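Treat the numbers as computed from the prediction; the structure is a model and nothing was measured.
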Amino acid sequence: MSRSSKILPGVLITSALLLTSIGLGTVGAASAPRTTATAAHPGHVMAVSTASSPEDPDGDGYIRANPPVTGATPSTQDPPHRYFHEFQANCSVSHTRPDDPIVYPQQPGKSHDHTFMGNTTTNAGSTTASLSAGGTTCKAPGDLSGYWMPTLYNGDRQILPVGPQVIYYKAGVTDYTSVRPFPKGLRFVVGNPMQTADEFRRHRGFVEGWECGDSYFNTEFPASCPDRADVQLNIRFQAPSCWDGTYLDTPDHKSHMAYPVVKPGTNDNMCPADHPVALPMIEFKMAFPVNGDMSQVRLASGPGHSFHYDFFNAWDDRTLKALVDHCIVGGLQCDARGYDQTHPEAGAALNTDYRLP
């Protein structure tokens, strides 16, 4: 397993201590309010969406889960300690396109350019049904989800991650046994292209910012990175993992999700009362093959602090449940097969073809 996974266990206690040590408060605070297009970086302007998803027939921005989760309360249990409770989704870049089916549904070309991973069909017209009928660049054929982020450029040249990237699915709450799979069709945006540098640095999903070589905690791209074959530009960013149980999407594409909070009087993380359903916490761990002079490196959305990403769940239900139950609920540190090499006796959730046995 990678260094990052060992530094950041799923329960986020380590992350909370880390963020506190650099003056950012705790991970457990409520999710940051949505920002608007202020003076974050005047060169980038968010267009107004003029259409809605076919899954939102009344066009109000709310897509209800069917069925919703009712009667849920945040778990306050403290199960036996397991340092890891996670698995990986390893997905390669499939294409780039100025589309965003969450923010600009049915409006091709309206977004800044995005780099898409996972589902090979993701575009402005994507729906849960179309993604479920698509293909995937993920190792697990059952992961038909769409993952995307603003395209990185060096001058006018696209810099795309090479090979399978690491997307962790981990427990964001202390009671890892309470984590359940994402509902089909859940979608959300992590971060905001219009956020200020300070908002990016203080975002609950911030881990170590932009990294290269021995340089960490960068809000903006470093001016230079060691010009060596083993050095790439990296970023890790965590998503909210507590769901309201009612909506698959909301008008701001965020309010139906929240970050865990700290249980009073403890170091434990739990979901807030208004978002009681614990889901996997996604963490993007992206590596871009660029180093040396970084003065011309930028995102399609603007400077380094405009980084954000989108997730649209289209996992095969049975495959996702098998991985969540075996690896997260089971307290293992799994690869994309659901295999923990330190606990071979536990077996794997998927076979050698990354499919259900």
Side-chain angles (χ1 to χ4, degrees), residues 2-5 7-8 15 18-19 22-24 35 37-46 91-98 100 111-117 147-168 189-239 283-310:
S2 68
R3 174 182 67 86
S4 67
S5 179
I7 289 176
L8 291 173
S15 295
L18 173 62
L19 292 174
I22 59 175
L24 302 187
T35 57
T38 58
H41 40 95
H44 184 74
V45 178
M46 287 285 287
C91 307
S92 301
V93 170
S94 58
H95 60 287
T96 64
R97 191 188 299 268
D100 189 326
S111 171
H112 52 250
D113 202 70
H114 282 109
T115 294
F116 292 88
M117 297 169 291
Y147 307 88
W148 62 96
M149 59 190 171
T151 299
L152 186 82
Y153 290 88
N154 189 2
D156 293 327
R157 181 169 62 93
Q158 288 184 345
I159 305 295
L160 303 181
V162 177
Q165 299 299 294
V166 177
I167 301 168
Y168 289 112
V189 179
V190 184
N192 189 324
M194 301 309 300
Q195 64 204 354
T196 65
D198 184 63
E199 287 169 334
F200 174 63
R201 180 65 184 248
R202 294 181 178 275
H203 195 282
R204 300 304 172 192
F206 187 98
V207 181
E208 291 184 352
W210 294 101
E211 313 169 318
C212 69
D214 294 324
S215 180
Y216 304 95
F217 301 115
N218 296 297
T219 300
E220 309 301 344
F221 301 120
S224 64
C225 293
D227 190 0
R228 303 194 313 264
D230 64 322
V231 173
Q232 298 191 75
L233 179 68
N234 297 276
I235 191 165
R236 294 181 294 150
F237 212 79
Q238 294 176 332
E283 180 185 315
F284 265 34
K285 184 174 184 283
M286 304 289 111
F288 301 89
V290 61
N291 56 33
D293 179 10
M294 304 285 287
S295 61
Q296 300 301 308
V297 173
R298 61 182 175 86
L299 293 169
S301 55
H305 68 255
S306 71
F307 181 78
H308 59 286
Y309 63 87
D310 300 55

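- With hydrogens and angles ignored, the 3.5 Å screen pairs no side-chain donor or acceptor of D227 with any backbone N or O of G292.
- Pairing each heavy atom of Y153 with each of A300, the nearest pair is CE1-CB, 3.9 Å.
- Ring geometry for F206 against F237 counts as perpendicular: the plane angle is over 60°, on a 0 to 90° scale with 30° as the lower cut.
- Side-chain contact between N154 and Q296 is present, with heavy atoms from C-beta onward closer than 4.5 Å.
- Nearest heavy atom pair, residue P303 against residue F221, reads C-CE1, 4.2 Å.
- Residues G155 and R298 come closest through the heavy atom pair O-NH2, 3.2 Å.
- Taking CG from L160 and OG from S94, the interatomic distance works out to 10.0 Å, rounded to the nearest 0.5 Å.
- Under the rule for a salt bridge (Lys or Arg N to Asp or Glu O under 4.0 Å), the partners of R228 that lie at least two apart in sequence or sit in another chain are D230.
- In this pair, H114 and H112 present their aromatic rings tilted. The plane angle is within the 30 to 60° band.
- A donor-acceptor pair under 3.5 Å is formed between the side chain of N291 and the backbone N or O of V231.
- The nearest pair of heavy atoms linking S301 to P193 is CB-CB, 4.0 Å.
- If you take OG1 on T96 and CG on D113, they are separated by 4.5 Å, rounding to the nearest 0.5 Å.
- The OG atom of S306 sits 7.0 Å away from atom CD of Q195, with the distance rounded to the nearest 0.5 Å.
- Nearest heavy-atom pair, A239 versus V190, reported as atom, atom and distance to 0.1 Å: CB-CG2, 3.5 Å.
- Formation of a donor-acceptor pair under 3.5 Å by the Q158 side chain with backbone atoms of D156 is not found in this model.
- Of all non-hydrogen atoms in Q165 and A287, the two that sit nearest each other are OE1-N, 2.8 Å.
- Residue M286 is tested with L152, L233, I167 for a side chain to side chain contact (heavy atoms under 4.5 Å, CB included); the sole match is I167.
- The CZ atom of R236 sits 4.0 Å away from atom CD of E208, with the distance rounded to the nearest 0.5 Å.
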Query - V297 and I159: CA distance, side-chain angles, deciding distance, side chain to side chain contact (heavy atoms under 4.5 Å, CB included) verdict - result: CA-CA 9 Å; V297 173; I159 305 295; over 6 Å; no
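- Expressed to the nearest 0.5 Å, how far NE2 of H203 lies from OG1 of T219 amounts to 13.0 Å.
- A distance of 13.0 Å separates CG of D310 from OH of Y147, quoted to the nearest 0.5 Å.
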Report task. Let me see the working for Q232 and V162 under side chain to side chain contact (heavy atoms under 4.5 Å, CB included), right down to the final yes or no. Result -> CA-CA 11 Å; Q232 298 191 75; V162 177; 5.8 Å; no
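- Using cut-offs of 30° and 60° on the angle between ring planes, the pair Y309 and F284 is parallel.
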Report task. Apply the test side chain to side chain contact (heavy atoms under 4.5 Å, CB included) to residues H305 and E220: give CA-CA distance (whole Å), side-chain angles for both, the deciding distance (0.1 Å), then the verdict. Result -> CA-CA 6 Å; H305 68 255; E220 309 301 344; 2.6 Å; yes
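- For D293, there are no salt bridge (Lys or Arg N to Asp or Glu O under 4.0 Å) partners at least two apart in sequence or on another chain.
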